[in-house]
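Note that these values count all heavy atoms, side chains included, but never hydrogens, waters or copies made by symmetry. All chains are named by letter (A, B, ...) in the order of the sequence lines, taking the proteins before the strands, and each is independently numbered beginning at 1.
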There are 4 protein chains.
Amino acid sequence: MKAAVFKGAGNGPTLVIENRPDPVPEAGEVLIKVSRAGICGSDLHLTSGHGLQLPLDSIIGHEFCGEVVALGAGVDSIKLGDRVAPMPYVGCGKCPACFAGQPHHCPQARFDIVHGFSEYSRVGVRDCVVLPAGLSDEEGALIEPLAVGLQGVRKATLPIGARVLITGAGPIGLATAFWAQRLGASKVAVMAASSRRRDIAQAVGATHFIAQKEVADPGAAIQEALGGAPDVVFEAVGLPGAIAQAIDYVKPLGTVVSLGFLGEPDSFVPVAALTKELRLLFSMCYDKQDFQYTADVMAAGDHRPRAMITGTINLDALPEKFETLRGASADCKVMVTPWNH
Amino acid sequence: MKAAVFKGAGNGPTLVIENRPDPVPEAGEVLIKVSRAGICGSDLHLTSGHGLQLPLDSIIGHEFCGEVVALGAGVDSIKLGDRVAPMPYVGCGKCPACFAGQPHHCPQARFDIVHGFSEYSRVGVRDCVVLPAGLSDEEGALIEPLAVGLQGVRKATLPIGARVLITGAGPIGLATAFWAQRLGASKVAVMAASSRRRDIAQAVGATHFIAQKEVADPGAAIQEALGGAPDVVFEAVGLPGAIAQAIDYVKPLGTVVSLGFLGEPDSFVPVAALTKELRLLFSMCYDKQDFQYTADVMAAGDHRPRAMITGTINLDALPEKFETLRGASADCKVMVTPWNH
Amino acid sequence: MKAAVFKGAGNGPTLVIENRPDPVPEAGEVLIKVSRAGICGSDLHLTSGHGLQLPLDSIIGHEFCGEVVALGAGVDSIKLGDRVAPMPYVGCGKCPACFAGQPHHCPQARFDIVHGFSEYSRVGVRDCVVLPAGLSDEEGALIEPLAVGLQGVRKATLPIGARVLITGAGPIGLATAFWAQRLGASKVAVMAASSRRRDIAQAVGATHFIAQKEVADPGAAIQEALGGAPDVVFEAVGLPGAIAQAIDYVKPLGTVVSLGFLGEPDSFVPVAALTKELRLLFSMCYDKQDFQYTADVMAAGDHRPRAMITGTINLDALPEKFETLRGASADCKVMVTPWNH
Amino acid sequence: MKAAVFKGAGNGPTLVIENRPDPVPEAGEVLIKVSRAGICGSDLHLTSGHGLQLPLDSIIGHEFCGEVVALGAGVDSIKLGDRVAPMPYVGCGKCPACFAGQPHHCPQARFDIVHGFSEYSRVGVRDCVVLPAGLSDEEGALIEPLAVGLQGVRKATLPIGARVLITGAGPIGLATAFWAQRLGASKVAVMAASSRRRDIAQAVGATHFIAQKEVADPGAAIQEALGGAPDVVFEAVGLPGAIAQAIDYVKPLGTVVSLGFLGEPDSFVPVAALTKELRLLFSMCYDKQDFQYTADVMAAGDHRPRAMITGTINLDALPEKFETLRGASADCKVMVTPWNH
Ligand SMILES: NC(=O)c1ccc[n+]([C@@H]2O[C@H](COP(=O)([O-])OP(=O)(O)OC[C@H]3O[C@@H](n4cnc5c(N)ncnc54)[C@H](OP(=O)(O)O)[C@@H]3O)[C@@H](O)[C@H]2O)c1
Ligand SMILES: NC(=O)c1ccc[n+]([C@@H]2O[C@H](COP(=O)([O-])OP(=O)(O)OC[C@H]3O[C@@H](n4cnc5c(N)ncnc54)[C@H](OP(=O)(O)O)[C@@H]3O)[C@@H](O)[C@H]2O)c1
Ligand SMILES: NC(=O)c1ccc[n+]([C@@H]2O[C@H](COP(=O)([O-])OP(=O)(O)OC[C@H]3O[C@@H](n4cnc5c(N)ncnc54)[C@H](OP(=O)(O)O)[C@@H]3O)[C@@H](O)[C@H]2O)c1
Ligand SMILES: NC(=O)c1ccc[n+]([C@@H]2O[C@H](COP(=O)([O-])OP(=O)(O)OC[C@H]3O[C@@H](n4cnc5c(N)ncnc54)[C@H](OP(=O)(O)O)[C@@H]3O)[C@@H](O)[C@H]2O)c1
Ligand SMILES: [Zn+2]
Ligand SMILES: [Zn+2]
Ligand SMILES: [Zn+2]
Ligand SMILES: [Zn+2]
């Protein structure tokens with residue numbers, strides 16, 4: 001099969017399309033023919049040459065869906081022809097984490113065998129959801145980033161009618177805005193550096209959008225938009241200072257949920273959080289219920305998340321597109337079609 | 001009346017015993033004759049010349065109790081001769097914060113009129129608890145710092161049988177250890193820089209004590225003591241790096257409760273908290289229920305907190321003792337008796 | 001003004017349209033010109049001659065909205081011309097219950113002065129919400145019953161993707177179905193005695209409908225519809241045996257929320273609830289946030305609850321219609337227009 | 001080995017001491033030599049001839065502890081000579097319930113092989129706790145009923161300083177009183193029909209005791225004892241009407257935890273619970289953490305539960321004693337020593 005393989009950062013192309021042997025599903029796995037795979041900011045980070053990096057020769061892409069074309073031994077809960085969206089892990093299936101639908105906490109989890117920038121992928125039978133009728137392939141490939149936002153919103157236990165601020169208007173921030181609006185917030189302001197994602201933010205459910213660079217006093221702009229300081233701030237920026245800003249924006253006794261990945265030291269003034277008596281929650285990944293519910297909600301007719309998709313390319317075009325996404329771009333979520341349909 | 005008055009840091013004595021007019025209780029207040037007042041690390045900080053400082057000529061001391069000797073207008077819930085321990089605030093009594101027993105969140109709260117290093121103090125009738133029989137004056141003056149620890153433990157919602165680590169063995173850390181052990185933890189390790197407070201820690205309920213300076217690998221020492229990484233870490237140190245350490249020590253999916261006051265930028269690596277999916281809670285002060293329950297528990301016979309008291313002095317001796325406590329000392333909680341009995 | 005006045009059950013018409021003096025708003029109140037008022041099953045019960053009964057000469061109707069036409073002393077948070085939906089209580093505004101937006105828990109609450117089957121009504125300024133643009137008068141009058149369902153769903157703290165059963169397809173059951181579907185359930189089955197409200201149930205968000213009389217084994221029908229026993233059952237029937245049925249249907253470790261009013265002894269077998277280790281929650285009324293959020297959600301474009309409205313009549317037609325609604329009828333929510341527009 | 005075997009109710013002795021083959025531990029099990037086994041009210045009910053009954057020829061007794069004398073295949077977490085207290089179930093060890101320490105929810109749980117009124121018993125290695133040093137055998141056999149009370153108190157999530165009422169002063173009510181007092185209540189009233197267990201109740205931690213038969217108005221007596229209506233009522237009676245009484249006693253917005261076993265229809269008036277907006281929680285059994293924490297607390301020096309033990313007999317005396325306990329008796333918890341020491 002064809003696959004986009006990571007060749008290291010720095011000299012020559014980062015990704016190269018190579019031929020690899022077709023994978024063979026083991027017991028408890030199925031093989032899928034990949035329909036759509038989204039390009040994620042993490043894919044860019046983990047191949048950037050800075051911070052945590054993927055092993056050379058990895059196949060990447062962890063936001064995807066596909067059609068089941070072969071069954072591993074003993075599989076009877078999924079059948080040929082089903083469309084599934086995998087969590088990008090295969091757990092042992094027998095440990096408390098696996099029972100809880102959290103294969104990323106399974107001590108034996110494998111993630112190297114589940115990949116979307118390829119024609120085929122192995123998928124753990126217990127670590128995926130079957131797409132309901134009414135869900136497009138594109139939506140199937142959006143489940144993973146949406147589930148990240150859902151998990152964050154669940155952790156926050158939003159007060160009904162909450163005022164919510166989301167910092168960051170990338171796919172994670174947008175997913176969070178979608179869920180916050182759907183699951184209890186009355187006002188949802190999204191704040192990014194620039195206004196490039198204003199329309200998408202409003203399309204997915206944000207009631208207000210603030211471009212930080214364009215306002216004199218971001219804190220005041222937030223309070224004006226929401227009618228007061230936010231009850232909950234979701235930080236989906238991942239840059240130094242973003243958590244300190246969230247602490248600054250949130251109301252006393254409020255909650256900050258931090259979703260950003262930041263592998264370097266960051267700073268904040270503890271007494272600022274202490275005098276507000278804040279809850280600061282860190283939210284990573286998702287449970288299998290997050291995948292299932294995301295699929296259910298779109299299948300029931302809420303198709304707003306599609307607004308995040310700004311383009312679709314085929315697998316051969318990926319290596320070049322991948323590099324252009326490293327700079328500022330007009331794109332939000334770009335989809336890859338390994339089979340060109 | 002005699003009172004210890006703050007005269008500014010740096011030149012000459014910080015505290016001076018002066019004569020002040022006897023206070024007169026207003027409506028909704030009582031006047032108390034102070035029985036015992038504890039010296040708190042915050043008193044030292046707020047008079048140190050660094051960071052947030054008290055106004056000149058303030059009377060300080062916020063951990064105390066006394067006997068009611070005069071009633072303000074309209075007071076009928078408390079009577080002459082009652083012994084009371086005040087929260088060091090007088091709230092308006094009519095706002096949601098006051099109804100919730102949180103006068104420190106009352107927009108009209110006054111704290112300058114409630115002070116323990118003086119012969120008398122005004123006290124808000126709704127902002128204090130009446131000491132039950134069976135409680136000594138010394139215990140009455142311990143209620144305030146104990147209530148700080150209780151609030152932190154309540155915020156943590158300890159899993160039953162929890163493994164708990166407390167960093168810091170000052171009065172706040174010790175109070176937290178006391179409550180953690182009483183309210184659900186099976187193992188409670190207290191870690192300080194040195195071992196000077198080992199005995200007190202064990203007397204109040206710690207099951208293990210770790211002197212950070214005396215062990216090669218503090219993280220390993222904690223896990224050995226507790227039989228695994230702590231479910232909850234309470235940080236009661238208030239120095240740079242203490243929160244990062246707590247994040248490092250706690251188990252994945254665990255909770256860190258930060259109690260320390262630190263008014264300068266502190267740093268941590270967000271991804272360390274993210275990959276553990278932590279809850280980081282900031283806990284300041286207390287509700288009135290914390291005061292009441294603390295009193296009830298000691299009155300019901302649990303007198304272990306007394307072990308924190310390492311000395312008692314009269315008011316005239318306070319200015320000098322106050323300065324010696326700024327350095328390393330053998331003392332933990334020192335009590336002041338304004339009336340020398 | 002004209003008003004529908006309760007004249008006692010049993011002999012002659014229950015409601016009579018009479019002339020009453022126009023009400024005058026007191027301090028902290030406004031006067032509204034009623035736009036729409038819904039007829040509620042409770043109105044029927046409380047005037048039926050059985051169980052708890054309203055005082056003679058009461059004006060009834062507690063689901064309504066209207067336009068502000070006069071301001072009481074000191075009112076500045078609401079202005080003439082605002083459209084408001086009142087909670088049917090006027091609280092003192094100064095007690096913890098009032099601060100919490102729960103005037104029905106206020107010891108001084110008055111409910112006799114707030115009534116919708118009349119041309120005008122007094123309304124407590126703090127006990128109502130201003131209708132956002134985009135909300136019709138009909139929707140304004142639906143807020144009250146929808147808020148009942150919202151409170152029930154909030155109490156349940158639905159697991160994400162929950163399987164939900166609602167017993168009862170009257171306005172309360174339908175409101176609950178609407179919120180359960182919106183706020184986290186994946187599958188929502190509504191079960192009524194007959195199928196007369198099947199279409200309305202599906203229009204407001206139910207994914208399945210079961211007519212108890214038409215299936216041989218209701219428990220099996222529920223499990224088939226939901227793909228397993230419900231995580232949460234909301235009981236909105238209010239007849240003897242309904243709670244026992246809910247206990248029977250729900251899954252082990254599940255939750256039953258009882259919303260029905262039943263003033264006579266009802267029976268169940270405790271061990272049935274014990275071996276399932278159930279939570280049985282009783283939910284009555286709403287907080288002010290429930291009113292506000294309900295208004296916000298419809299204003300943001302979710303108009304599905306309108307499907308509950310099956311007719312609109314003028315005030316003069318109310319007494320007769322009122323009696324026909326006591327029997328089985330094709331109606332669900334009937335609206336009254338005191339001003340015929 | 002000798003064992004007390006159930007021979008059916010009604011004709012001749014209910015229990016007969018017989019010789020049975022010594023049990024052999026299977027994989028994942030150990031064999032223990034029983035040290036102490038408590039007689040439980042459930043043992044009496046399940047052999048009474050009414051309601052749910054044990055199979056003939058069962059060996060009974062589920063509150064016990066003993067010393068490990070043989071290891072099944074593959075056991076390495078427990079060693080010969082350890083003293084253990086078993087949960088009276090052996091789970092499969094591989095399902096979510098077993099991972100959660102709830103073998104009674106394991107679909108493959110066996111309970112017939114774990115029994116205390118015998119010289120030996122098989123015990124599941126994962127379904128027991130090792131007794132810490134400092135715990136007597138008698139305390140080991142008290143863990144099971146204490147764990148029932150602990151689970152109930154955990155389910156209630158007691159507000160700090162709560163007012164608590166427990167109805168029923170049998171071992172379950174007393175265990176609940178012990179934990180409620182230890183884990184956050186300030187006032188704990190125990191109410192029984194008579195005053196026969198007043199002293200034991202106070203010894204385990206009750207602050208007040210009410211003999212229902214001896215007071216004119218039990219509700220008033222409760223409010224006087226607690227200084228107001230209880231925040232939480234634990235029902236540990238198990239007779240008709242006990243839940244309705246608990247609903248009547250508890251304060252509005254309060255919680256009732258029902259622990260009693262009642263297999264027949266019971267009645268209450270739903271609107272009484274509705275207008276109070278109550279939580280009614282049903283609590284059965286325990287998790288393994290309840291066992292562990294109970295052992296830890298007694299090992300740490302809180303030996304108050306011993307006050308429940310009113311006598312110790314040998315196995316041969318059990319059949320006769322068993323019958324006398326069916327009537328009113330001065331006994332509370334009677335211990336059996338199969339080996340007479
Ligand atoms: N928690 C998890 O499980 C998880 C999963 C996946 C990704 N992540 C992390 O989540 C973060 C966001 O990822 P993404 O792909 O959504 O991001 P992205 O596409 O890189 O977008 C980042 C967003 O942050 C905005 N931004 C930059 N500085 C800001 C500031 N000071 N205040 C407010 N907004 C600011 C940017 O504004 P412009 O639009 O103007 O550029 C942009 O909208 C990353 O750190 C990523 O690694 C976490
Ligand atoms: N949250 C609130 O409402 C509240 C209220 C009052 C006070 N506070 C704050 O709580 C903090 C503690 O106050 P306190 O009076 O209890 O403190 P303290 O008496 O100054 O004690 C500080 C403790 O921290 C220990 N320590 C120093 N570095 C450490 C490290 N790296 N790891 C572990 N322990 C370390 C010290 O060890 P040694 O014993 O070896 O010196 C000492 O035991 C302060 O920041 C204070 O301002 C908060
Ligand atoms: N908690 C609160 O704050 C609050 C507020 C208002 C009202 N309520 C109470 O809520 C209850 C429902 O009120 P409503 O106005 O919605 O009721 P409603 O219009 O009288 O409807 C009752 C529904 O129950 C159905 N039903 C009858 N027996 C049933 C059974 N055994 N299983 C399942 N469904 C059954 C009926 O079926 P059919 O459609 O076939 O007739 C009908 O759909 C009443 O008791 C009311 O007093 C409570
Ligand atoms: N949830 C569980 O997992 C679990 C586990 C084991 C047992 N149980 C059940 O828990 C219940 C209690 O068991 P137990 O062994 O502790 O009971 P027990 O020894 O039979 O004691 C029952 C107690 O209830 C008192 N009582 C009787 N009527 C009362 C009333 N109207 N109000 C208040 N108290 C009243 C009795 O008073 P006197 O002292 O005056 O007789 C006695 O103290 C039983 O139903 C039992 O089956 C439940
Ligand atoms: Zn696993
Ligand atoms: Zn106030
Ligand atoms: Zn009020
Ligand atoms: Zn099992």
Taking 4.0 angstrom as the limit, do Arg154(C) and Asp290(C) come out as a salt bridge? yes

Part of [X] within contact of chain C (heavy atom distance under 4.5 Å):
{"X": "Glu277(D)", "answer": "both"}
{"X": "Lys276(D)", "answer": "neither"}
{"X": "Ile243(D)", "answer": "side chain"}
{"X": "Thr255(D)", "answer": "neither"}

Between Leu274(D), Leu52(D), Leu278(D), which residue shows the highest count of heavy-atom pairs closer than 4.5 Å to chain C? Leu274(D)

Given Leu253(D), Leu281(D), Asp266(D), Thr275(D), the one with more heavy-atom pairs under 4.5 angstrom with chain C than any other is Asp266(D)

Between Leu259(C) and chain D, which part of the residue has a heavy atom less than 4.5 Å away: side chain, backbone, both or neither? backbone

Quick check: does any side chain N or O of Glu63(C) sit under 3.5 Å from a backbone N or O of Cys40(C), one acting as donor and the other as acceptor? no

If we ignore hydrogens and angles and just use 3.5 Å, is the side chain of Arg279(D) paired with the main-chain N or O of Arg279(C) as donor and acceptor? no

With a 4.5 Å cut-off on heavy-atom pairs, point out which of Ala244(C), Ala273(C), Cys285(C) contacts chain D the most. Ala273(C)

Side-chain H-bond candidate by donor/acceptor type, Glu144(C) with Tyr286(C), under 3.5 Å: yes

Can you tell me if NZ on Lys94(D) sees more than 12 non-hydrogen neighbours from other groups inside 6.0 Å? no

Pairwise distance CZ(Arg182(C)) to CG(Leu158(C)) - rounded to 0.5 angstrom: 13.5 Å

